[in-house]
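Shown below is the structure under consideration.
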Amino acid sequence: MLAIPYLGHTGQPLTVRFRCLAEHNHREHGHGKYNTVPEDSPRMYGVDSIHAAGDEIHLTEGELDRIILRKIGWHAVAVPGSEMWFGRHRRMLAGFSRVWVWADPDEAGAKLAAKVCRSLRSAKPVRLRLGDVTDAYLAGGAQALHDAKEATA
Ligand SMILES: [Zn+2]
């Protein structure tokens, strides 16, 4: 499995999540597509960006989409799934004047975006048309993500 380390803002390891990379039915193999250390409560991924960002920050649905946004130079954090936005996350992002929300373009993603926008006035959902952040990046590179953000702003 792909190991996804969660690091604190000084680079200290907090936890690790795992993503199975096999093309099979994960449940039939006794695990999920994503796997968490038992009893570990859901954390925000990429919290070093909270300390490094300026007035704006990006929020993605899933760690790998956050990695894409960091790769193109934006500071971003991720929640590890559409159901993983909690009140304590609001407090972590409350100091930003703008929080761009990159939820997946599906029903679960729409619910996540609505939930984040209800709890943070600074939140603004970015409309993705070509799938999620990773799909858009693979289809159109960094420009596709810049275009999606511009179209929202
Ligand atoms: Zn699997």
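When a ligand or atom number is given, it counts from 1 through the structure's own listing order. Computation of the quantities below employed the complete heavy-atom set of this structure, encompassing side-chain atoms and omitting hydrogens, waters and symmetry-equivalent molecules.
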Worksheet item: Who are the salt bridge (charged side-chain N to carboxylate O under 4.0 Å, His left out) partners of R70, not counting sequence neighbours?
Response: none

Worksheet item: Hey, what's the ring geometry for H51 with H9, parallel, tilted or perpendicular (30° and 60° as the breaks)?
Response: parallel

Item to complete: Could you label the plane-to-plane angle of the H31 and H24 rings as parallel, tilted or perpendicular, counting under 30° as parallel and over 60° as perpendicular?
Response: tilted

Item to complete: Any chance you could measure R121, atom CZ, to R90, atom CZ, to the nearest 0.5 Å?
Response: 11.0 Å

Worksheet item: What protein atoms of element N, O or S are positioned under 2.8 Å from the Zn ion (ligand 1)?
Response: C20 SG, H24 NE2, H26 ND1, H31 NE2

Discussion item. So for atom CD, which belongs to E107, do other residues, nucleotides or ligands contribute more than 12 heavy atoms lying within a distance under 6.0 Å?
Written reply: no

Item to complete: Kindly give the heavy-atom pair with the smallest separation between P125 and T152, and that separation in Å.
Response: O-CG2, 3.1 Å

